[in-house]
Amino acid sequence: LMGVRSVDHFSQGSSCTLNLRVDAAGLEKMRRLFVAVQKAIPDVEAKHKEFTPHLTLGQCPKEKVSDMTKEMTDVLLKDGPIRFMVNELS
């Protein structure tokens, strides 16, 4: 069982991608899963050097990222952390 700790974002060209960051326990589980997948298929290179587990919400223009991050936080996390379980990968 993992939880979401915050709404965050990262820049991509002229826009930003809004995402949910998993809590510390989930972060470690997701990183261990990533390492296990890399070991299972060593011939496939990772897209990025560092793995940052997150759940993508969507994109917005850079000039709206502060407002969108606040709005997403207010709506999605108003009742506390979101809990979820990953039971299958495809």
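Count residues from 1 along the sequence.
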Using the test side-chain contact (heavy atoms from CB on, under 4.5 Å), find all partners of [X] that sit at least two apart in sequence or belong to another chain.
| X | answer |
| --- | --- |
| N19 | D8, F10, R21, H54 |
| S14 | none |
| L57 | V7, L18, L20, M72, L76 |
| A40 | none |

- prompt: Should I41 and L33 be counted in the same cluster of Ile, Leu, Val, Met, Phe, Trp and Tyr side chains packed under 4.5 Å apart?
  reply: yes
M68 with L55, same ILVMFWY side-chain cluster at under 4.5 Å: yes
- request: Identify the heavy atoms of C60 and V65 that sit nearest to each other, and give their distance.
  value: SG-CA, 3.8 Å
S15 vs P61 side-chain heavy atoms within contact, under 4.5 Å: no
List for me each residue that meets side chain to side chain donor-acceptor pair (under 3.5 Å) alongside [X], sequence neighbours excluded, and say none if there are none.
| X | result |
| --- | --- |
| T17 | Q12, Q59 |
| E45 | none |
| K70 | D74 |

message: A quick test of your reading: do over 12 heavy atoms of other residues, nucleotides or ligands sit less than 6.0 Å from CD of E71?
response: no
message: Tell me every residue that passes ring pair (Phe, Tyr, Trp, His ring centres under 6.0 Å) with H9, counting only those two or more places apart in sequence or in another chain.
response: none
